[in-house]
Amino acid sequence: MALTDFSAYIFAQMIEDPDIIGQITDAWNNFVESGQVWAMVIGVVLGYMFASFTRF
């Protein structure tokens with residue numbers, strides 16, 4: 001019983017903001033506003049081109 005109480009306490013400390021969809025939205029907005037999305041797109045395109053050049 002004590003282990004269950006302890007694990008419930010630990011999980012309660014870990015979950016500070018239960019709004020998961022809001023956290024995902026904030027993270028996506030930050031990803032777009034910081035320009036990281038363009039770096040990802042360019043990396044995917046260059047990676048695809050490099051992979052297609054190195055295939056036999």
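These values consider heavy atoms only, across backbone and side chains, with no hydrogens, waters or symmetry-generated copies. Nothing here was measured: the structure is a model prediction, and the numbers come from that model.
One hydrophobic cluster holds both F53 and V45 under the rule that ILVMFWY side chains link at heavy-atom gaps under 4.5 Å.
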Quiz: residues 20-34 side-chain donor-acceptor pairs under 3.5 angstrom, not counting sequence neighbours:
| residue | atom | partner | partner atom | Å |
| --- | --- | --- | --- | --- |
| Q23 | NE2 | D17 | O | 3.0 |
| T25 | OG1 | I21 | O | 2.8 |
| N29 | ND2 | T25 | O | 3.3 |
| S34 | OG | N30 | O | 2.9 |
| S34 | OG | F31 | O | 3.3 |

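In the hydrophobic clustering, where aliphatic and aromatic side chains (Ile, Leu, Val, Met, Phe, Trp, Tyr) are joined below 4.5 Å either directly or transitively, L46 groups with I42.
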